[in-house]
Amino acid sequence: MEAKYNSKAVEDKWYAHWMEKNYFHSEPDEREAYSIVIPPPNVTGILHMGHMLNNTIQDILIRKARLEGKNACWVPGTDHASIATEAKVVRMLREKGIKKSDLTREEFLEHAFAWKDEYGGKILNQLKKLGASCDWERTAFTMDETRSEAVIQAFVDLYNKGKLYRGLRMVNWDPEAQTVLSNEEVLHKEETSLLYHVKYQIEGVNDYLTIATTRPETIMGDSAVAVHPDDPRYTHLKGKNVIVPMVDRVIPIIFDDYVDIEFGTGALKITPAHDINDYEIGKRHKLEVIDVINDDGTISDAAKVFVGKDRFEARILVKIALKESGNLVDTENYTHSVGRSERTNAVVEPKLSLQWYVNMESLAKPALDAVVSDEVEFFPKNQKNLYKHWMENIRDWCISRQLWWGHRIPAWFYNEEVYVATTAEEALNQAKAKTGNTDLTIDDLKQDEDVLDTWFSSWLWPISLFDGFKSREEIDYYYPTSVLVTGWDIIFLWVARMVMAGYEWENKRPFNDVYFTGMVRDKQRRKMSKQLGNSPDALGLIDQYGADGVRFGMLSSSPAGGDLLFEEKLCEQGRNFSNKLWNALRLIEGWEIDKSKNSNQIDDLASKWFDAKFSTVIAEIDKNYKEYRLSEALTTLYSFIWNDYCSWYLEMIKPPYGEGIAADTKTQAKKFYEKICTVLHPFMPFITEEMWHIIKERNEGEDCIMSTYPQAKYGNSEILSQVEQAKDVISNIRDIRNKNGLKMKEELSLFAIKSTEMEVFVNAEGIEAMIVKLGVLKDITITADDKINGVSFISRTEQFIVGIEQSLDIGAEIEEKEKELKYQIGFVASIGKKLSNERFVNNAPESVVESERKKHSDGTARIKILTEEIERLKGM
RNA sequence: GGGCGAUUAGCUCAGUUGGUUCAGAGCACCUGGUUUACACCCAGGGGGUCAGGAGUUCGAAUCUCUUAUCGCCCACCA
């Protein structure tokens with residue numbers, strides 16, 4: 001075996017082996033199902049740290065379930081990511097000199113599919129490097145046939161139930177992608193821009209009314225100027241008009257209590273086409289809607305001036321024009337919230353538009369109840385509030401998008417009538433029935449040009465992956481899925497909607513639990529991004545530290561819901577751990593068996609102790625799993641393996657230099673290690689598989705990935721307690737050596753001060769030998785003689801003295817013991833006070849009182865020992 | 001503007017229904033150690049008025065109130 005573990009040499013080998021054995025594939029059977037659906041990454045995406053974290057967690061859970069003998073099924077797939085992918089394709093085409101507007105829908109889609117075929121799904125292959133044990137035979141795509149059918153079915157079903165409608169409303173328009181966006185796709189951020197004070201001449205009077213606006217380029221679309229009805233400054237303007245600068249249009253002054261008297265001059269320009277509030281006011285006052293901005297963000301013909309200029313260029317041009325005409329009073333810096341498109345970062349334009357909406361209110365009710373009652377349980381819990389708040393204030397979901405890459409809306413128009421159906425033929429039949437015209441052909445119908453919001457396919461994911469709209473077999477077995485692992489940032493976009501879809505179509509929750517991961521950030525808490533260059537190359541990390549090392553790094557510091565501040569150092573720790581594991585294996589494997597030997601007292605004691613300890617650790621890890629405290633489970637395991645197994649157990653049973661080991665002892669050590677491999681496997685699948693194969697005396701065809709996860713059982717608490725004290729004694733001896741500059745190899749004598757407890761402890765099977773071995777002692781003498789030249793220490797309530805040759809610094813020793821004594825006296829006094837307090841004794845649980853009594857008597861015993869020890873030292 | 005959450009060692013975080021006069025890890029730091037698995041290591045060590053204040057309680061990092069700082073979400077203020 002190599003001295004250093006080489007991850008590169010083994011990882012690909014085992015992944016291929018698992019694939020070959022088809023371990024990841026699952027079909028319904030009589031076992032309990034454990035299913036997870038992957039949050040589908042963008043089809044053109046590449047693996048980044050967020051994916052690594054998220055998918056490592058899913059893999060851990062699925063592997064654990066598999067080891068427990070469940071039917072584990074993790075379904076992978078990708079999302080067509082309508083707007084994001086279309087934007088990428090458009091950019092790619094532009095670089096080739098092709099404009100989207102020059103292409104037909106069919107031509108564009110051809111390009112898009114070609115792009116998808118070339119770049120799509122790369123990310124899934126990258127997940128394999130990470131060790132993801134997905135059922136690749138089930139790999140799905142949100143636009144594949146089954147998923148597309150589900151989308152159409154869902155749309156038609158909602159329409160037939162009256163939960164879907166077309167409406168003319170103010171929407172969020174992305175002028176760059178030239179599509180409408182849902183509220184959830186608009187990100188609001190504080191930005192500083194200018195607030196322009198512009199004066200409008202009052203018609204027929206040589207006087208002006210000054211308004212404040214952040215959007216002077218919409219002045220051409222003004223339909224009125226509004227003031228508050230109770231504003232004394234403007235009561236005289238009732239019935240008057242003002243003249244819009246630049247275009248000289250006459251518009252009324254209206255009175256509406258929406259206006260805030262305090263703000264600016266108390267006068268507000270009303271542009272119903274470009275502001276949601278202005279639109280509402282416009283409706284109340286029956287104002288004209290003048291749309292001065294085109295879909296691409298340029299100024300429209302209706303504006304009459306600056307036609308064709310981009311809206312931001314126009315803003316500057318308007319400013320200049322207003323300045324020249326003397327209408328610009330002044331400008332000031334102004335910080336306000338600006339909405340930008342999540343995907344293109346373009347400033348969103350409010351726009352009046354006819355779109356398809358899902359009526360959410362009826363869908364929200366069961367979905368809200370499910371989470372409030374923990375039928376769908378959130379980890380961590382605090383995300384419930386966020387969810388609840390959103391659900392209680394839910395608004396209708398705009399689902400149509402003016403894009404080509406996506407599911408085309410199954411709605412056909414004929415004579416102003418809309419026919420919603422799963423196929424054009426059905427729509428035609430509907431149209432024939434409705435109009436009575438049996439001569440209609442498909443060509444007479446015109447299908448809606450728009451596609452559906454990406455999330456309209458995503459919200460069906462847990463259902464559509466198991467073909468819930470067509471076949472019952474799989475969905476009845478795998479649904480509800482066991483857990484969803486995703487980031488909290490898409491709780492509304494995705495999680496909430498999946499819950500709604502689950503109840504709408506399956507009448508059941510889509511998943512039992514939701515584990516929200518945090519965001520992966522860098523050490524300065526910045527989001528990982530390409531621009532900042534702070535996003536490590538995921539595959540490079542795997543190459544450098546091994547997939548196991550990286551998985552360790554991702555997990556060792558990522559509590560559910562909390563952000564993960566990623567540093568490479570974490571992966572380094574993972575790699576070091578791999579190395580530690582590897583070397584422990586080398587040690588065991590390297591032991592020569594000495595046939596003349598049987599396991600000795602220490603070996604037997606060590607085995608019993610370690611077995612007991614293992615049980616408590618498994619129980620603890622199980623508990624951590626149940627609460628999705630994976631990071632803690634891993635930390636527990638790490639420290640158990642490193643400290644208890646390597647530093648203590650192996651040292652206990654290690655044969656003296658040059659000697660062989662008893663066959664039983666070696667076998668036992670290997671059995672423990674084999675079990676460790678299984679328990680650690682979900683976290684570090686590759687190295688555990690490799691080591692398991694080296695150490696396990698196995699039947700042909702067995703693998704760690706399919707081994708049996710151990711059950712927690714009760715450990716022998718007496719042995720546990722004895723060995724823990726022995727460890728304490730050994731640590732004390734080492735400490736004294738260290739402080740007194742004694743060599744580690746030098747054998748010392750240990751004196752144990754005679755008492756009944758001491759005799760029981762030291763004479764317990766194997767204890768003395770163990771202390772002698774690990775403490776590197778000549779011997780242990782139980783004695784009543786207290787005139788020994790040495791340094792004393794107390795373990796629990798027993799006193800020991802480490803005999804040393806050189807003379808002691810008695811003054812320093814006394815000082816230390818006195819300090820310790822003072823502390824113990826205070827300690828005992830404080831507990832004594834507590835115990836003499838009736839309210840404590842009466843109110844505190846019996847177990848607490850009992851443990852306080854024990855502490856009190858132990859403390860008293862230590863005081864006695866210390867007092868005598870100080871006397872003894874003084875007498876030396 | 002409304003809501004939620006955080007504040008514990010130099011750094012990142014645990015601390016699970018309130019129960020020690022040792023508040024735990026990892027990293028970092030300090031001391032000593034290497035022919036006998038591992039320097040990607042071993043044996044030890046220092047370091048914290050649990051953000052400040054007040055309260056409830058026999059007992060508070062943990063519960064309540066308050067102040068401060070930070071973070072996040074939601075919302076149509078020009």
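Computation of the quantities below employed the complete heavy-atom set of this structure, encompassing side-chain atoms and omitting hydrogens, waters and symmetry-equivalent molecules. Proteins get letters first, then strands, A, B, ... in listed order; numbering begins at 1 in each.
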Of the listed B:G44, B:C38, B:C4, the closest approach to the A:Asn385 side chain comes from B:C4

Sort out the partner of B:C22 for me: Watson-Crick or G-U wobble, both distances under 3.5 Å, none otherwise.
none

Sequence neighbours excluded, which residues qualify as side-chain hydrogen bond (donor to acceptor under 3.5 Å, both in side chains) partners of A:Glu191?
A:Arg340

Take atom CD of A:Glu838 as the centre, draw a 6.0 Å sphere, and report whether it contains more than 12 heavy atoms from other residues, nucleotides or ligands.
no

Do the side-chain N and O atoms of A:Ser795 and A:Asp728 include a donor-acceptor pair separated by under 3.5 angstrom?
yes

Report yes or no: is the cationic atom of A:Lys384 (NZ for Lys, CZ for Arg) under 6.0 Å from the centre of the six-membered ring of A:Phe378, at an angle within 45° of the ring normal?
no

5' precedence on RNA chain B between A:Asn837 and A:Asn382 (nearest-nucleotide basis)
A:Asn382

Is the A:Phe492 ring parallel, tilted or perpendicular to the A:Trp390 ring (thresholds 30°, 60°)?
parallel

For A:His228 and A:Asp260, which I'm curious about, is there any donor-acceptor pair between the side chains at under 3.5 Å?
no

List the residues meeting ring-ring contact (aromatic ring centres under 6.0 Å, His included) with A:Tyr638, not counting sequence neighbours, and say none if there are none.
A:Phe552, A:Phe577, A:Trp642

B:C42 OP1/OP2 closer than 4.0 Å to side-chain N/O of A:Lys580:
yes

Indicate whether OP1 or OP2 belonging to B:G15 is found under 4.0 Å from a side-chain N or O atom of A:Arg629.
yes

Determine the Euclidean distance between corresponding P atoms of B:U16 and B:G24; express it in Å to zero decimal places.
14 Å

Residues A:Tyr5 and A:Glu690: side-chain donor-acceptor under 3.5 angstrom:
no

Let me know the distance between CG of A:Asn6 and C1' of B:C40, rounded to the nearest Å.
14 Å

Residues passing the side chain to side chain contact (heavy atoms under 4.5 Å, CB included) test with A:Thr218, sequence neighbours excluded, are A:Arg215, A:Lys269, A:Thr271, A:His274, A:Ile293

Are the aromatic ring centres of A:Phe379 and A:Tyr628 under 6.0 angstrom apart?
yes

Which whole-number value in Å describes the distance from A:Met1 CE to B:C38 P?
12 Å

Applying the 3.5 Å cut-off to both distances, the Watson-Crick or G-U partner of B:A9 turns out to be none

Between B:G3 and B:C29, how far apart are the two P atoms, rounded to whole Å?
46 Å

N or O in side chain of A:Ser337 less than 4.0 angstrom from B:A75 OP1/OP2
no

In whole angstrom, what separates A:Phe492's CZ from B:A75's C1'?
12 Å

Candidates B:C76, B:C40, B:C72 - which lies nearest the side chain of A:Tyr258
B:C76

Please state how far atom CG in A:Leu564 lies from atom C1' in B:G26, giving the value in whole angstrom units.
14 Å

P-based separation of B:U62 from B:U21 [nearest Å]:
15 Å

Candidates B:C13, B:A37, B:C74 - which lies nearest the side chain of A:Asn583:
B:A37

When you compare B:U49 with B:G53, how far apart are their P atoms, in angstrom units rounded to a whole number?
12 Å

Pick the closest RNA chain B nucleotide for A:Ser731 and for A:Arg215 by heavy atoms, then say which residue is nearer the 5' end.
A:Ser731

Distances for protein N/O vs nucleotides 27-36 of chain B N/O pairs under 3.5 angstrom?
from, atom 1, to, atom 2, distance (Å)
B:A28, OP1, A:Lys569, NZ, 3.4

Evaluate salt bridge (charged side-chain N to carboxylate O under 4.0 Å, His left out) for A:Glu627 paired with A:Arg629, printing each intermediate quantity in order.
CA-CA 5 Å; A:Glu627 292 161 19; A:Arg629 300 156 72 100; 3.7 Å; yes

Strand partner of B:C41, provided both Watson-Crick or wobble distances fall under 3.5 Å:
B:G33

Can you measure A:Lys623 atom NZ to B:U16 atom P for me and round it to whole angstrom units?
10 Å

Is there a side-chain contact between A:Ser647 and the phosphate of B:A43, meaning an N or O under 4.0 Å from OP1 or OP2?
yes

May I ask you to evaluate whether A:Arg575 reaches the phosphate of B:C40, defined as a side-chain N or O under 4.0 Å from OP1 or OP2?
no

Give one of base, sugar-phosphate or nothing for A:Tyr334, where a contact means two heavy atoms less than 4.0 Å apart.
sugar-phosphate

Measuring only the P atom in each nucleotide, how far is B:C63 from B:A6? A whole number of Å is fine.
9 Å

Indicate whether OP1 or OP2 belonging to B:C76 is found under 4.0 Å from a side-chain N or O atom of A:Arg395.
yes

For nucleotides 19-24 of chain B, read 5' to 3', which letter fits each nucleotide if B means a protein heavy atom sits under 4.0 Å from the base, S means only the sugar-phosphate is that close, and - means neither?
BBBS--

Indicate every side-chain donor-acceptor pair of residues 327-334 of chain A with a distance under 3.5 Å to a residue at least two apart or in another chain.
from, atom 1, to, atom 2, distance (Å)
A:Asn327, OD1, A:Ser325, OG, 2.7
A:Asn327, ND2, A:Lys199, O, 2.7
A:Glu332, OE2, A:His197, NE2, 2.9

Can you tell me if A:Trp642 touches the phosphate of B:C42, counting only side-chain N or O atoms and a distance under 4.0 Å to OP1 or OP2?
yes

For B:C74 and B:C30, measure between their P atoms and round to the nearest Å.
46 Å

Considering only atom C1', compute the distance from B:U7 to B:C11 and round it to an integer number of Å.
15 Å

Under a 3.5 Å limit for both distances, which nucleotide forms a Watson-Crick or G-U wobble pair with B:G1, could you say?
B:C74

Could you tell me the Watson-Crick or G-U partner of B:U56, where both distances fall under 3.5 Å? Say none if there is no partner.
none

Could you check which of B:A37, B:U12, B:A43 has an atom nearest any side-chain atom of A:Cys646?
B:A37

Reckon A:Asn576 has a side-chain N or O less than 4.0 Å from the OP1 or OP2 of B:C41?
yes

Taking only the C1' atom of each, what is the distance from B:U8 to B:C73 in whole angstrom?
26 Å

Of the candidate nucleotides B:G5, B:U16, B:C73, which contains the atom at the shortest distance from the side chain of A:Glu627?
B:U16

Quick one: which of B:C77, B:C76, B:C40 gets closest to the side chain of A:Ile276?
B:C76

Quickly work out the A:Glu746 CD to B:A43 C1' distance and round it to whole Å.
16 Å

Would a 4.5 Å heavy-atom cut-off, applied to side chains only, mark A:Leu564 and A:Leu53 as touching?
yes

